[in-house]
2 protein chains.
Amino acid sequence: MPTIKDVARLANVSIATVSYVLNNSGLVSEATRARVLAAVEELGYRPSIIARSLKGKHTHMLGFVLSPFARQPQDPFFNEFLSALADTAASFDYHVAVTTTADLSSERKTYEDMVRDRRVDGFIVADTRPDDERLAYLVTAGFPFVAFGRPANELDFPYVDVDGRAGVKRAVQHLIDLGHRRIGLIELSPALVCRMHRRQGYETALQENGLPLQPELIAVGGLTEKDGYLAMSGLLDLARPPTAVIAGNDLMAVGAMNAIRDRGLAVPDDVAIIGFDDIPLASYVRPTLSTLRQDFYGIGERLVRMLMALLRGEEITEPQKILEPTLIIRESSGGALTKG
Amino acid sequence: MPTIKDVARLANVSIATVSYVLNNSGLVSEATRARVLAAVEELGYRPSIIARSLKGKHTHMLGFVLSPFARQPQDPFFNEFLSALADTAASFDYHVAVTTTADLSSERKTYEDMVRDRRVDGFIVADTRPDDERLAYLVTAGFPFVAFGRPANELDFPYVDVDGRAGVKRAVQHLIDLGHRRIGLIELSPALVCRMHRRQGYETALQENGLPLQPELIAVGGLTEKDGYLAMSGLLDLARPPTAVIAGNDLMAVGAMNAIRDRGLAVPDDVAIIGFDDIPLASYVRPTLSTLRQDFYGIGERLVRMLMALLRGEEITEPQKILEPTLIIRESSGGALTKG
DNA sequence: GAAGGTTACTTAAACGTTTAAGTAACCCTA
DNA sequence: TAGGGTTACTTAAACGTTTAAGTAACCTTC
């Protein structure tokens, strides 16, 4: 591996001159510049990022810590989002360091360690939570980061979020338009900030249509297919079960569909279902799942751009960006069938 | 951020002594060691990995490059495998740098860049291919790496692979035992080494049971659900379609099931299906999918352990490890129904 | 009681960069 | 023609570690 010294020797200049040429700083004559560049080419020289990092104060690394939530193997969020992070980071000559945490209690320590070890220049944090220790730590430590998801409190940082309120409201409206009057909600885990906004969308839609809010139609869900299965079973046990249900994510929606089928009922004829996310599974499952689409790739891309601006001290164009999810109507909501 | 100098000053020793204490090398008296450790504690000192990396020759980073194959959002391989890499690396105080490549042509360059920039100490390469440029490059460059998958040629490197031959053979035997005589195969992409072994398993099983090899029952597949759908459609167009089909992976198996259903036929009554991988989708889909399970998490874990041994110059216990996939019998093969 | 060994340190160089400060040559300008 | 400015470099320090080499004190051993 050639170093800057080898280049300097070959070009017959000092290492400082080589550095100036490479960084386009300082005053270097055209002739010398050409000689240095030729030497660089001949030796196949690449500056050591490590030496650069030691001198400057950046590592050219972005951190992404997998939370116990996102780590569920069936969650394709992971895949699309991470691809976006890596792709976009690469376009800035950055890389993404991925770490995991076994449990929530060690999560804060993981962030602290990465900060103290100066492993990364900034973080991308996903799935904001109420009382989010990660956000609290990073804000007080003054360490650069961006988040997928809003804060639950008054913490100030750049983020991208999806408008769960508007999304769920539109989904409920769609079901009401189809004639449904008893609409259930299988909620996301209370550990996620976005649960609150979705609940608001649900309540607002009912209210605007003059429908009563019936607490028994709101089931505590979670994250997994099993959570959805159990929540739906509970709703079906009611004296008057809902005729349509919105689930907090697609995984739970699929679980709900299985629960309905296992009772000998049909989707969407007996119960219509709408999910959230538009994971690939949504179009594989039969009946295909109506859902609210989040563009994970686009969100990841936008987050990295924001973080890069932050690191460079540039102005962030839209430091708090809310994106609308798209209602994708497939078979499970009955809308496509009724119309077509 | 305190440095080793601050610790040395506080403990009233030289920085060399601090370093010796921290690395458990050199001779340091108990009293001095205790004083240094106290100073470290008081200041909350952490050694700079960057400085360490500059001195030593390692970055404490492992590289994983997402190939255009693995990057398909619906491929849950990604998720489980990467979690394993990150988890296991963390247990060695290592991190995983994830990079993507837009297309195959730029892939080699991505590896070269990471090597030349000394970004990582070693690589984990997934999904070996015939004429694999990545392997060829890393072997000739003498850069440490381990692979998920065997080489197609005589290249020598440590790897973990799944015995696709034995797996498919067992699956075919299972179908034969259920009475099937016309068994089809939807192959994986020819760009993957493992396709060949699976084909061998298919052919061997037919042969051992005295069944003829009928080339028209072998369909060129690919990787995605769509590939499976198209391949199955082709098989169903035959004058005498197969009564059972093995697919190269679960995604294609699901595609095949949808193709069967869209013709008004039933799984497993008209055509039995067995997939490969046991992705989470396999148990969500109805009928649930019989498949050959690969333990992606376990494989990732094993690979990192091998790579760490390689980096430390230790002996690798089993440098070429072949694992048996497990045949998981669910509804789509008809076996469970017949028996139960 | 001097030679040699051990113990417990310190000094200083090195890793590969960046960059402030120094310098020498040249060209203006008054 | 001395003083000052510009140009085009070089020198050397610094970033935070590791580690070979040096050193001084003490302990053996014969």
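We use all heavy atoms of the structure for the numbers below, so side chains are in, but hydrogens, waters and symmetry mates are not. A, B, ... follow the sequence lines: proteins, then strands. Residue 1 opens every chain.
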field: Sugar-phosphate, base or nothing in reach of B/Arg46, heavy atoms under 4.0 Å
entry: sugar-phosphate
statement: Here the distance between atom C1' of D/dT17 and atom CG of B/Asn23, to the nearest Å, is 9 Å
task: Name the nucleic acid region contacted by B/Ser29, choosing base, sugar-phosphate or nothing; use a 4.0 angstrom heavy-atom cut-off, strictly under.
output: sugar-phosphate
task: Find the distance A/Lys5:NZ to C/dC15:C1' and express it as a whole number of Å.
output: 8 Å
task: Taking atom types as modelled, find out whether B/Thr17 and B/Ser14 have a side-chain donor-acceptor pair closer than 3.5 angstrom.
output: yes
task: Would you mind classifying the nucleic acid contact of B/Thr32 as base, sugar-phosphate or nothing, using non-hydrogen atoms under 4.0 angstrom?
output: sugar-phosphate
message: Base, sugar-phosphate or nothing for A/Thr17? Non-hydrogen atoms, less than 4.0 Å.
response: base
statement: Whichever of A/Pro2 and B/Arg33 has the more 5' nearest nucleotide on DNA chain C, that residue is B/Arg33
task: Would you mind telling me which of C/dT11, C/dT17, D/dT10 lies closest to the side-chain atoms of B/Ala16?
output: C/dT11
- request: Return the value, rounded to whole Å, for the distance between atom OH of A/Tyr20 and atom P of C/dT17.
  value: 15 Å
message: From CG of B/Asp6 over to P of D/dC15, roughly how many Å is that when rounded to an integer?
response: 11 Å
field: Under-4.0 Å side-chain N/O to phosphate OP1/OP2 contact, B/Ser14 with C/dT10
entry: yes
task: Flag the pair A/Arg46 and B/Asp113 as a salt bridge only when some basic side-chain nitrogen lies within less than 4.0 angstrom of an acidic carboxylate oxygen.
output: yes
message: Nearest whole Å is fine: how far is D/dA20 P from B/Leu27 CG?
response: 14 Å
- prompt: Listed by chain and number, what are the salt bridge (Lys or Arg N to Asp or Glu O under 4.0 Å) partners of B/Glu112, not counting sequence neighbours?
  reply: B/Arg108
- prompt: Side chains of A/Tyr137 and A/Asp132: donor-acceptor distance under 3.5 Å anywhere?
  reply: no
message: Counting the atoms with a prime plus P, OP1 and OP2 as sugar-phosphate, which does B/Ser19 contact under 4.0 Å by heavy atoms, base, sugar-phosphate, or nothing?
response: base
message: From CG of B/Leu22 over to P of D/dG16, roughly how many Å is that when rounded to an integer?
response: 15 Å
- request: Could you tell me whether B/Thr3 contacts a base, only the sugar-phosphate backbone, or nothing, with contacts defined as non-hydrogen atoms closer than 4.0 Å?
  value: sugar-phosphate
- prompt: So, is B/Lys55 close to the D/dC15 phosphate, meaning a side-chain N or O under 4.0 Å from OP1 or OP2?
  reply: no
statement: On DNA chain D, more 5' by nearest nucleotide between A/Ile15 and A/Arg35 is A/Arg35
message: Does a side-chain N or O of B/Arg52 approach OP1 or OP2 of D/dG16 to a distance below 4.0 Å, or not?
response: no
- prompt: Expressed in angstrom and rounded to an integer, what is the separation of A/His58 atom NE2 from C/dT18 atom P?
  reply: 9 Å
- request: Report the distance from atom CD of A/Glu30 to atom P of D/dC9, rounded to the nearest whole Å.
  value: 10 Å
- prompt: If you measure from the Lys or Arg side-chain nitrogens to the Asp or Glu carboxylate oxygens, is any gap between B/Glu107 and B/Arg129 under 4.0 Å?
  reply: yes
